[in-house]
Q: 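Before I ask anything, here is the structure I am working with.
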Number of protein chains: 2
Amino acid sequence: MTSQTTRELLKRAEPDLTRAERQLCATLLHNYPMSGLGSITRLAEKAGVSTPTVVRMVQKLGFSGFPAFQAALRDELEAQISGPIAKHESWAGQAPEEHLLNRFTESVIGNIRQTLAQIDPARFDEVAALLADEGRRLFVTGGRITRTLAEYLFMHLQVIRPGVSLVPATSNAWPHAMLDMGEGDVLVVFDVRRYENTALKMAKLASKRGLKVVLITDQWQSPVAKHAACTFNCRIEAPSAWDSMVVVMLFCETLVAAVENRTWERTKARMSELEELFDATRIFRKFV
Amino acid sequence: MTSQTTRELLKRAEPDLTRAERQLCATLLHNYPMSGLGSITRLAEKAGVSTPTVVRMVQKLGFSGFPAFQAALRDELEAQISGPIAKHESWAGQAPEEHLLNRFTESVIGNIRQTLAQIDPARFDEVAALLADEGRRLFVTGGRITRTLAEYLFMHLQVIRPGVSLVPATSNAWPHAMLDMGEGDVLVVFDVRRYENTALKMAKLASKRGLKVVLITDQWQSPVAKHAACTFNCRIEAPSAWDSMVVVMLFCETLVAAVENRTWERTKARMSELEELFDATRIFRKFV
DNA sequence: CGGACACTGAAACAAATAGTTCAGAGTGGG
DNA sequence: CCCACTCTGAACTATTTGTTTCAGTGTCCG
């Protein structure tokens with residue numbers, strides 16, 4: 001394929017690029033090749049790097065300068081356009097359509113579409129507001145498969161606001177945790193098929209204590225729904241012996257973003273405090 | 001049709017144009033819109049007119065100047081290229097396009113598309129084979145954000161085959177775990193930005209001990225790549241203060257499915273054994 | 001630790017592009 | 001045949017774009 005030469009050039013060169021250059025490279029590949037057709041200034045801005053970085057990179061790729069690079073992009077684009085109409089390409093372009101990468105992705109995209117179509121945005125906003133209310137304590141729980149998702153949600157919420165706890169339904173310690181749960185608090189339950197007994201019991205007890213239960217479950221819906229103030233169903237189908245939690249995670253992340261938007265003023269302070277703590281512990285690298 | 005506005009603008013304006021302008025117009029329409037994407041000078045040359053003619057004409061068409069005209073062409077081209085796929089309705093049909101649910105999903109789909117386009121299927125299959133090889137012990141590790149993903153992958157792999165361990169990079173117990181790592185074993189490292197020092201150290205030591213290191217990282221690539229036999233980059237952009245791990249999870253699940261396909265005979269037996277154990281512990285509900 | 005090295009972007013600089021002016025060529029009507 | 005009018009491009013100016021230099025910063029390695 002000569003028509004994709006520059007794209008492949010970018011991909012192949014990527015490992016040898018520096019941090020800023022890789023950032024630029026990613027931007028270029030992101031919506032290839034449109035982002036490269038503007039001026040060097042706008043490309044640099046879009047990628048968040050300086051114009052010298054752009055020049056250095058295209059020279060590293062073998063072009064004499066930015067205009068030469070741009071000309072190559074234009075030529076390829078022209079060849080592509082005048083050529084046969086682009087078919088619906090598979091996701092992993094280099095693999096045949098039946099490759100697992102394509103089949104799995106296809107299935108997950110379908111899950112996303114169907115799940116989103118069913119969600120009531122008003123309900124979603126409602127729950128976001130509930131989770132953003134710092135007057136309420138939050139409890140998050142998940143089962144065998146969903147524990148990691150519960151942890152993921154917990155970790156983010158914990159940074160966003162105070163008063164968040166993770167309650168492992170898989171252990172037998174959860175009745176102790178329930179001692180802290182009071183009227184008006186919120187319990188987020190993850191429960192997907194092979195619905196778990198402990199999840200049901202916990203939700204039942206919690207709703208009796210006056211907690212608002214938010215349930216995140218699959219399309220067949222966990223029996224916890226009976227005790228939940230709000231239920232969200234995510235499609236979890238996949239060409240595998242396992243179910244796919246991708247949509248559940250997408251939902252969690254979106255929820256986190258929504259909560260964060262509502263608490264931003266206070267969250268900002270919490271995050272910068274966290275940042276200082278990280279600096280003090282030197283957990284992270286400063287640069288690549 | 002808004003997507004062809006400029007082309008139709010040209011066609012409709014043609015009768016009212018002067019000779020030189022019509023010549024220019026014809027050139028533009030001839031291989032629309034490529035001829036308009038170069039500099040004004042080259043367009044003028046190609047059409048055999050002067051640059052003032054070009055400026056006058058685009059102003060006559062209602063653009064403020066040549067750059068504005070060119071920008072319009074680029075935008076149309078972009079819309080045309082990304083094709084009907086990008087033209088989809090909002091994901092959460094009931095919500096306006098600017099609702100976070102739609103914006104977030106949009107962004108994640110973009111991440112998926114771009115990540116998949118970059119993955120080398122051969123490499124993917126290679127790693128799947130590596131993880132399916134029961135002669136090698138497997139170690140999985142992740143950092144602050146990615147720990148949950150590491151756990152998720154671990155949980156699945158553990159069911160699929162024996163000899164899988166989770167090594168928490170966030171604790172200081174990992175050097176102990178390293179005692180068990182030997183030549184030919186595999187270490188799967190998750191490391192996304194705010195790359196962590198422990199991940200790097202662990203990967204370095206592991207590769208020195210003769211382990212194959214598989215790295216799953218973001219588009220900017222963790223420095224662990226230097227010590228990795230195989231690196232996969234996932235786009236993690238999201239309209240949020242946080243990065244999105246959805247694509248990383250998609251990748252993990254696909255990998256799990258691929259490994260499982262290779263070990264299915266033995267995995268089947270393991271899974272039914274697990275089933276019996278579950279029955280014995282009565283963790284799951286028999287019926288909804 | 002500390003020196004060598006690599007990466008990055010601000011700023012200065014060079015080159016092209018885009019826009020303007022204006023004189024001359026062409027045209028049509030009186 | 002001449003005048004008034006429009007159109008056109010050469011030449012100039014202003015602006016933006018592309019390139020180079022250089023100093024600051026962070027990383028690596030002994």
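First the proteins, then the strands, lettered A, B, ... as listed; each starts at 1. Predicted, not measured: the structure shown is a model, and the values here were computed from it.
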Q: Strictly below 4.0 Å, N to O, side chains only: are B:Glu196 and B:Arg144 in salt-bridge contact?
A: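 So B:Glu196 does not pair with B:Arg144 through a salt bridge.
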Q: What integer distance in Å separates A:Lys46:NZ from D:dT17:P?
A: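 Value for this atom pair: 14 Å.
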Q: Quick one: do the A:Glu76 and A:Thr6 side chains pair a donor with an acceptor below 3.5 Å?
A: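 Result is yes, a qualifying pair exists.
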Q: Separation of A:Leu43 atom CG from D:dT16 atom P, in whole Å?
A: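 Rounding to the nearest Å, CG of A:Leu43 and P of D:dT16 are 19 Å apart.
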Q: Would you kindly give the NZ-to-P distance between B:Lys60 and D:dT6, to the nearest whole Å?
A: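 Atom NZ in B:Lys60 sits about 12 Å away from atom P in D:dT6.
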Q: Rounding to an integer number of Å, can you tell me how far B:Phe63 CZ sits from C:dG19 C1'?
A: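 To the nearest whole Å, that distance equals 17 Å.
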Q: If you assign each of A:Ile40 and B:Arg56 to its closest nucleotide in DNA chain D, which residue comes earlier from the 5' end?
A: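 Between the two, 5'-proximity favours B:Arg56.
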Q: Could you state the CH2-P distance from B:Trp220 to C:dT8, rounded to the nearest angstrom?
A: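 Atom CH2 in B:Trp220 sits about 14 Å away from atom P in C:dT8.
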Q: Please state whether the rings of B:Phe232 and B:Phe251 are parallel, tilted or perpendicular, taking 30° and 60° as the class boundaries.
A: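 Tilted: the ring planes of B:Phe232 and B:Phe251 meet at 30° to 60°.
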Q: Output the rounded distance in Å from CD (B:Gln70) to P (C:dT17).
A: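 In whole Å, C:dT17 P and B:Gln70 CD are 11 Å from each other.
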Q: Check the distance between D:dT8's P and B:Met57's CE and give it to me in whole angstrom.
A: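 To the nearest whole Å, that distance equals 12 Å.
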Q: Between D:dT17 atom P and A:Phe69 atom CZ, what is the distance in whole Å?
A: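 Going from A:Phe69 (CZ) to D:dT17 (P), I get 17 Å.
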Q: Classify A:Gln23 by what it touches in the nucleic acid, base, sugar-phosphate, or nothing, heavy-atom distance under 4.0 Å.
A: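 A:Gln23: no heavy atom of the nucleic acid under 4.0 Å.
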Q: Consider the side chain of A:Ser50, meaning its heavy atoms from C-beta on, and name the nucleotide among C:dG9, D:dG18, C:dT20 that approaches it most closely.
A: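 Nearest listed nucleotide: C:dG9.
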Q: Does the side chain of B:Arg103 come within less than 4.5 Å of B:Val108's, by heavy atoms?
A: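 They are not in contact (no side-chain heavy atoms under 4.5 Å apart), so the answer is no.
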Q: Does B:Thr18 place a side-chain N or O at less than 4.0 Å from the phosphate oxygens OP1/OP2 of D:dT8?
A: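 True: B:Thr18 side-chain N/O within range (under 4.0 Å) of D:dT8 OP1/OP2.
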Q: Looking at C:dT8, I'd like to know if its phosphate oxygens (OP1 or OP2) sit under 4.0 Å from a side-chain N or O belonging to A:Thr53.
A: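 Answer no for this pair, as no side-chain N or O of A:Thr53 is under 4.0 Å from OP1 or OP2.
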Q: Checking B:Tyr195 against B:Gln221: is there a side-chain donor and acceptor pair closer than 3.5 Å?
A: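 No pair is found: no donor N or O on one side chain lies under 3.5 Å from an acceptor on the other.
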Q: Where the side chain of B:Val49 is concerned, which of D:dT20, D:dG9, D:dT17 is the nearest nucleotide?
A: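 The answer is D:dG9.
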Q: Closest to the A:Pro52 side chain: C:dG9, D:dT17, C:dA18?
A: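 The nucleotide sitting nearest to the side chain is C:dG9.
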Q: Once you apply a heavy-atom cut-off of 4.0 Å, does A:Thr51 come out as touching a base, just sugar-phosphate, or nothing?
A: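 If one applies the 4.0 Å heavy-atom cut-off, A:Thr51 turns out to touch a base.
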